**Q** 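Please read through the structure below; I'll follow up with questions.
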There are 2 protein chains.
Amino acid sequence: MKKDNLIDVVMEKIKEKGGRVTIQRLAIINVLLKLDHPTAEEIYQFMRNEFPTLSFTTVYNTLHSLHEMGILREYRFGEASRFEMAETNHHHFLCQKCGGMKDIEDSNITVHLDEKLSRHYHILNTEVVLKGLCQDCMGEGI
Amino acid sequence: MKKDNLIDVVMEKIKEKGGRVTIQRLAIINVLLKLDHPTAEEIYQFMRNEFPTLSFTTVYNTLHSLHEMGILREYRFGEASRFEMAETNHHHFLCQKCGGMKDIEDSNITVHLDEKLSRHYHILNTEVVLKGLCQDCMGEGI
DNA sequence: ACTGTAAATGTAATAATTACAAATAAAATT
DNA sequence: AATTTTATTTGTAATTATTACATTTACAGT
Ligand SMILES: [Mn+2]
Ligand SMILES: [Mn+2]
Ligand SMILES: [Zn+2]
Ligand SMILES: [Zn+2]
């Protein structure tokens with residue numbers, strides 16, 4: 001999806017949910033498009049130069065409200081939460097050494113759920129988490 | 001596996017790694033066999049009556065060292081880490097409403113990884129995380 | 001029993017996140 | 001365009017989970 005178009009979609013979704021389109025929200029969306037699974041701290045530090053008046057609390061508030069609106073996803077692997085746009089479904093690889101989190105395209109993994117699972121759970125999302133060593137960390141042990 | 005036998009296996013594994021078999025470690029292993037994905041806090045509270053001299057720090061220390069020894073697994077979904085014995089591989093369901101974490105038997109899900117993934121990563125573990133609503137929370141929205 | 005040292009303990013410190021009250025500014029209404 | 005409403009931002013303080021550290025205890029080898 002083209003970036004400007006995606007921003008429009010996000011703005012629309014915010015309005016749908018009765019939220020307000022603020023420069024802080026739009027700015028954070030733009031940062032999420034640039035950084036790879038950033039933490040709240042990483043987002044804040046990245047924005048400080050261009051946006052010195054931004055409050056760290058606003059970063060948390062915004063990430064939380066955008067998450068509630070279904071606009072982004074939150075992952076709580078590592079010690080700090082990491083965020084990304086909720087666009088497409090995909091899987092993740094977690095490096096046990098450096099803590100890195102890499103996207104794995106949906107097409108690279110096939111998952112089949114036994115149909116009896118849906119009798120016990122209302123499943124909204126299926127995601128595979130691979131753990132191991134990334135290319136940078138290979139050949140050094142854990 | 002029979003429980004006493006499992007304890008023996010754990011003791012053996014601790015010794016293999018050059019660790020010491022302490023009553024705290026054995027007690028915490030026993031708690032992990034009773035509780036379902038407990039947090040450090042839940043383990044500590046569960047043990048306080050029978051073991052009033054136990055330190056909360058020891059719970060953390062023990063969970064950490066047993067994890068390092070490969071005896072248990074740590075999951076950092078929710079705000080606090082949750083722990084379980086590392087016996088068999090299985091998958092998990094996370095309820096978006098109550099935060100509950102349920103085991104899904106390995107046999108209920110089949111996962112196929114594209115072979116080209118192993119050219120980029122050294123994959124040690126594959127786990128599926130299902131998100132949705134558990135039976136208790138169904139029919140109440142998110 | 002003696003001894004070396006890993007582990008346990010208690011307290012203090014840190015890191016991530018949240019709570020709260022006051023100030024600001026979207027956006028609806030006039 | 002001015003006014004109004006109230007969601008959001010901001011700064012600070014509080015909370016929660018976890019870790020650091022110095023001291024004491026006790027596992028396990030001799
Ligand atoms: Mn991703
Ligand atoms: Mn489990
Ligand atoms: Zn790595
Ligand atoms: Zn539930």
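Letters A, B, ... are given to chains in the order of the sequence lines, protein chains preceding strands, and every chain is numbered from 1. These figures come from a predicted structure and were not determined experimentally.
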**Q** In a check of side-chain contact (heavy atoms from CB on, under 4.5 Å) between B:I14 and each of B:L66, B:I29, B:T22, B:V9, which one passes?
**A** B:L66

**Q** Classify the ring geometry between B:Y75 and B:F77 as parallel (under 30°), tilted (30 to 60°) or perpendicular (over 60°).
**A** parallel

**Q** Counting only heavy atoms not in A:E105, do more than 12 sit closer than 6.0 Å to its CD atom?
**A** no

**Q** In whole Å, I'd like the distance from the CG atom of A:L63 to the C1' atom of C:dT18.
**A** 14 Å

**Q** Could you tell me the separation between the CD atom of B:E68 and the P atom of C:dA6, rounded to a whole number of Å?
**A** 15 Å

**Q** Expressed in angstrom and rounded to an integer, what is the separation of B:R48 atom CZ from C:dT9 atom P?
**A** 13 Å

**Q** Over how many whole Å does the gap from B:M47 atom CE to C:dA8 atom C1' extend?
**A** 12 Å

**Q** Which atoms of nucleotides 15-17 of chain C (N or O only) lie under 3.5 Å from a protein N or O atom, and what are those distances?
**A**
| unit_1 | atom_1 | unit_2 | atom_2 | d |
| --- | --- | --- | --- | --- |
| C:dT17 | OP1 | A:S81 | N | 2.8 |
| C:dT17 | OP1 | A:S81 | OG | 3.2 |
| C:dT17 | OP2 | A:Y60 | OH | 2.5 |
| C:dT17 | O5' | A:Y60 | OH | 3.4 |

**Q** What nucleic acid atoms does B:T58 come within less than 4.0 Å of, heavy atoms only: base, sugar-phosphate, or nothing?
**A** base

**Q** Once you apply a heavy-atom cut-off of 4.0 Å, does B:S65 come out as touching a base, just sugar-phosphate, or nothing?
**A** nothing

**Q** What bend angle does the helix from C:dA1-D:dT30 to C:dT30-D:dA1 show across its length, from five-pair end axes and to the nearest 10 degrees?
**A** 40°

**Q** Could you check whether atom NZ of A:K102 has more than 12 heavy atoms from other residues, nucleotides or ligands sitting under 6.0 Å from it?
**A** no

**Q** Just do the side chain to side chain contact (heavy atoms under 4.5 Å, CB included) check on B:H120 and A:Q135 with the steps written out, would you?
**A** CA-CA 6 Å; B:H120 295 284; A:Q135 225 154 21; 4.0 Å; yes

**Q** Answer whether the closest heavy-atom distance between the side chains of A:F83 and A:I28 falls below 4.5 Å.
**A** no

**Q** Please examine the side chains of A:H91 and A:L130, heavy atoms only from C-beta on, and report whether any two atoms are closer than 4.5 Å.
**A** no

**Q** Atom CG of B:L54 to atom P of C:dA7: distance rounded to whole Å?
**A** 16 Å

**Q** For B:Q24 and C:dA7, give me the distance from atom CD to atom P, rounded to whole Å.
**A** 11 Å

**Q** Under a 4.0 Å threshold between the charged nitrogen and the carboxylate oxygen, would B:K17 count as salt-bridged to B:E68?
**A** no

**Q** Distance under 4.0 Å to a non-hydrogen atom of chain A counts as contact; along DNA chain D, which nucleotides mark the start and end?
**A** D:dT6 to D:dT12

**Q** Mind checking if A:G18 touches a base, just sugar-phosphate, or nothing, with heavy atoms under 4.0 Å?
**A** nothing

**Q** A:R25 vs A:I71, test: side chain to side chain contact (heavy atoms under 4.5 Å, CB included). Steps then yes/no.
**A** CA-CA 11 Å; A:R25 285 177 174 178; A:I71 292 167; over 6 Å; no

**Q** For B:I14 and B:T57, find the nucleotide of DNA chain C closest to each by heavy atoms; which residue's nucleotide sits nearer the 5' end?
**A** B:I14

**Q** Heavy-atom distance under 4.5 Å between the side chains of A:Q24 and A:N61, does that happen here?
**A** no

**Q** Where each residue is assigned the nucleotide of DNA chain D containing its nearest heavy atom, which of A:R25 and B:I23 is assigned the position nearer the 5′ end?
**A** A:R25

**Q** According to the interplanar angle, ranging from 0 to 90°, do the rings of B:H90 and B:H37 count as parallel (below 30°), tilted (30 to 60°) or perpendicular (above 60°)?
**A** tilted

